[in-house]
2 protein chains.
Amino acid sequence: MNRLTSSSSLSRHAAQAASCGTCPARAHCLPTGMNDTYCAAIDQLVERRVQLVRGEHLYQMNEPLSDHLYAIRSGQFKTYHLTPEGEQRVTGFHMSGEFLGLDAIGLHVHRGSAVALTNAEVCEFSYHRLADAAQRMEPLSQLFHNLLSKELARQQDTTLLLRNGHADQKFANFLLRMSRCYAARGSAPNLFQLPMSRQEIGDFLGLTAATISRLICNFKGQGCIKAVRRNIIILDQAMLTRIATGTPHPAPAVPARAASPALQLA
Amino acid sequence: MNRLTSSSSLSRHAAQAASCGTCPARAHCLPTGMNDTYCAAIDQLVERRVQLVRGEHLYQMNEPLSDHLYAIRSGQFKTYHLTPEGEQRVTGFHMSGEFLGLDAIGLHVHRGSAVALTNAEVCEFSYHRLADAAQRMEPLSQLFHNLLSKELARQQDTTLLLRNGHADQKFANFLLRMSRCYAARGSAPNLFQLPMSRQEIGDFLGLTAATISRLICNFKGQGCIKAVRRNIIILDQAMLTRIATGTPHPAPAVPARAASPALQLA
DNA sequence: CGTGATTTTGATTGGGGTCAAACGAGGTGG
DNA sequence: CCACCTCGTTTGACCCCAATCAAAATCACG
């Protein structure tokens with residue numbers, strides 16, 4: 001396992017040149033919808049920017065936390081918990097603009113671990129300084145509330161995704177979700193590279209690596225995706241959506257409910 | 001289905017006598033750890049207190065929301081989403097001291113529905129007035145952040161609970177969680193009444209009502225609970241915990257791994 | 001006491017887990 | 001440059017858990 005201890009900040013660099021104003025993630029991050037003045041103010045709150053190499057931990061479970069929050073500037077992360085038995089439970093995948101550490105505000109240790117799935121750069125905030133600033137800048141306060149609320153909603157959606165329906169539905173949902181994430185960040189929505197292993201996807205979705213592998217095979221057979229290694233091309237998004245909602249067949253105008261096909265045109 | 005429309009506030013009463021200072025849920029609610037002065041200030045922020053009868057909705061999905069947050073003063077709630085196909089997906093059960101509506105801050109419609117499982121009373125806040133007050137009262141701001149963060153953590157735990165292990169583990173976890181909830185509120189931790197149906201438990205855990213029924217039967221057979229209808233008595237919490245973690249047997253020093261039974265005493 | 005909702009219980013089935021082996025790609029060192 | 005090793009992925013065979021369907025039983029309530 002390539003688990004570098006996060007205290008050994010050997011491969012970490014502090015990059016001071018970057019700023020929020022020019023950040024590609026600006027639109028999805030804390031400064032959503034703010035003008036340049038406020039954006040600069042938020043920029044002032046960034047304690048430092050940290051670069052991590054793939055496989056490096058940003059923080060680890062039960063590590064004492066010094067009231068830090070992290071915004072992902074670039075790259076992707078995985079958050080997970082360890083069970084008492086030492087098994088890994090993936091709690092989420094995270095892309096640029098998302099905050100890490102929000103679930104530990106007011107606590108003294110981290111609730112889970114966060115590891116970089118790709119080379120990445122994060123902006124480190126001090127929660128207390130951020131809260132202080134919000135106290136003096138009402139719009140920032142609002143933004144922070146929205147951020148927390150949005151994260152809560154995201155988590156709820158994840159819960160629903162995980163529980164609902166069969167393996168193929170979950171995985172179709174997962175692919176669509178990834179696609180939307182890339183699309184929202186200006187990349188191609190139908191061609192992307194997964195930064196995580198089958199095992200990790202399975203762990204996240206409550207399935208096994210073998211099942212994920214078989215599902216990819218199925219989906220390829222149905223012609224809705226192309227896949228080689230971790231590279232995914234979505235060929236038929238509509239079909240994926242149908243799979244995700246549990247409506248495998250093209251579903252005419254009035255899907256169910258009406259018994260007689262003659263009624264379809266009524 | 002007893003789904004009363006929430007706009008027909010026929011059975012709602014506004015009870016003005018109650019206050020935060022004397023609220024039995026005070027210790028688990030927003031004013032956690034605050035002195036009486038602040039508590040009174042929070043009390044001032046309560047727009048009104050609303051009483052609901054069992055089965056009544058506090059709000060419904062897609063209903064336009066007028067920036068309300070609700071704190072549960074007494075009683076229990078269920079929150080759920082409706083799928084496009086009209087199926088109900090339980091997102092959570094909620095007890096006194098918890099806030100409802102936190103996931104919709106900054107939105108204009110409710111993301112889900114909330115229905116009272118028992119007769120209940122809630123305190124209605126205006127998010128904007130609350131945020132305003134927090135702007136002038138730093139400790140309140142902190143409390144609100146903690147509240148949101150705690151809710152986020154709770155949601156994460158739920159996600160883990162739902163995905164992990166087999167039906168018996170999930171349900172054992174569910175019972176223990178309920179037990180802890182009652183214990184934290186000063187009731188007996190091992191004797192309580194479930195306010196929800198088997199169907200609703202199953203829906204929450206990603207199982208079916210039939211499975212829940214069978215599990216209750218199993219657990220009774222193993223002697224770790226007693227159950228008649230919705231009344232539960234936990235007889236052997238340790239055994240429940242073992243079931244929850246997937247260690248059905250009392251687990252000697254070195255549980256598995258060793259093939260030879262002769263080694264058990266080594 | 002009748003009616004409908006909830007719960008229990010049984011029989012059956014299939015989806016996905018588990019185990020294991022084979023395969024492929026990437027990295028390392030000789 | 002190739003042998004070797006390791007890790008991730010694929011694929012197959014088998015089996016078990018929990019869903020499903022259905023019917024009976026129990027309870028709640030008018």
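In what follows, every chain begins at residue 1, and chains take the letters A, B, ... in the order their sequences are listed.
If you check the side chains of B:Thr159 and A:Thr159, you find a donor sitting under 3.5 Å from an acceptor. A side-chain donor-acceptor contact under 3.5 Å links B:Thr79 and B:His94.
Considering only residues two or more places apart in sequence or on other chains, B:Phe174 meets the ring-ring contact (aromatic ring centres under 6.0 Å, His included) condition with none of them. Residues passing the ring-ring contact (aromatic ring centres under 6.0 Å, His included) test with B:His110 are B:Tyr59, sequence neighbours excluded. Residues forming a side chain to side chain contact (heavy atoms under 4.5 Å, CB included) with A:Gln199 (at least two apart in sequence, or on another chain): A:Ser197, A:Ala209.
If you take CG of B:Asn218 and C1' of C:dT8, they are 13 Å apart, rounded to a whole angstrom. Straight-line distance from the CD1 atom of A:Ile201 to the P atom of C:dG16: 16 Å, rounded to whole Å. Nucleotide C:dT7 holds its P atom 13 Å from the CG atom of B:Asp203, rounded to whole Å. Taking atom CD on A:Glu200 and atom C1' on D:dT9, their separation rounds to 14 Å, with Å as the unit. Taking atom CD on B:Gln193 and atom C1' on C:dT7, their separation rounds to 15 Å, with Å as the unit. Atoms CG (A:Asn231) and P (D:dT9) sit 12 Å apart, rounded to a whole Å.
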N/O donor-acceptor pairs under 3.5 Å from side chains in residues 211-228 of chain A, not counting sequence neighbours:
residue  : atom : partner  : partner atom : Å
A:Thr211 : OG1  : A:Thr208 : OG1          : 3.0
A:Lys220 : NZ   : A:Ala227 : O            : 3.1

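In this model, the phosphate group of C:dT8 is not approached by any side-chain N or O of B:Arg229 to a distance below 4.0 Å at OP1 or OP2. Within the 4.0 Å cut-off from OP1 or OP2 of D:dT9, at least one side-chain nitrogen or oxygen of A:Arg230 is found. Between B:Arg198 and C:dT8 there is a side-chain polar atom (N or O) within less than 4.0 angstrom of OP1 or OP2.
Axis angle across the helix from C:dC1-D:dG30 to C:dG30-D:dC1, with five pairs used at each end and values rounded to 10°: 40°.
A side chain to side chain contact (heavy atoms under 4.5 Å, CB included) with A:Leu240 is found for exactly one of A:Leu235, A:Thr245, A:Leu175, namely A:Leu175.
When all heavy atoms are compared, the tightest approach of A:Arg111 to B:Asp157 is NH2-OD1, 2.6 Å.
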Produce a footprint string for nucleotides 14-25 of chain D: one letter per nucleotide, 5' end first; B if the base is under 4.0 Å from any protein heavy atom, S if only the sugar-phosphate is, - if neither. ---SSSB-----
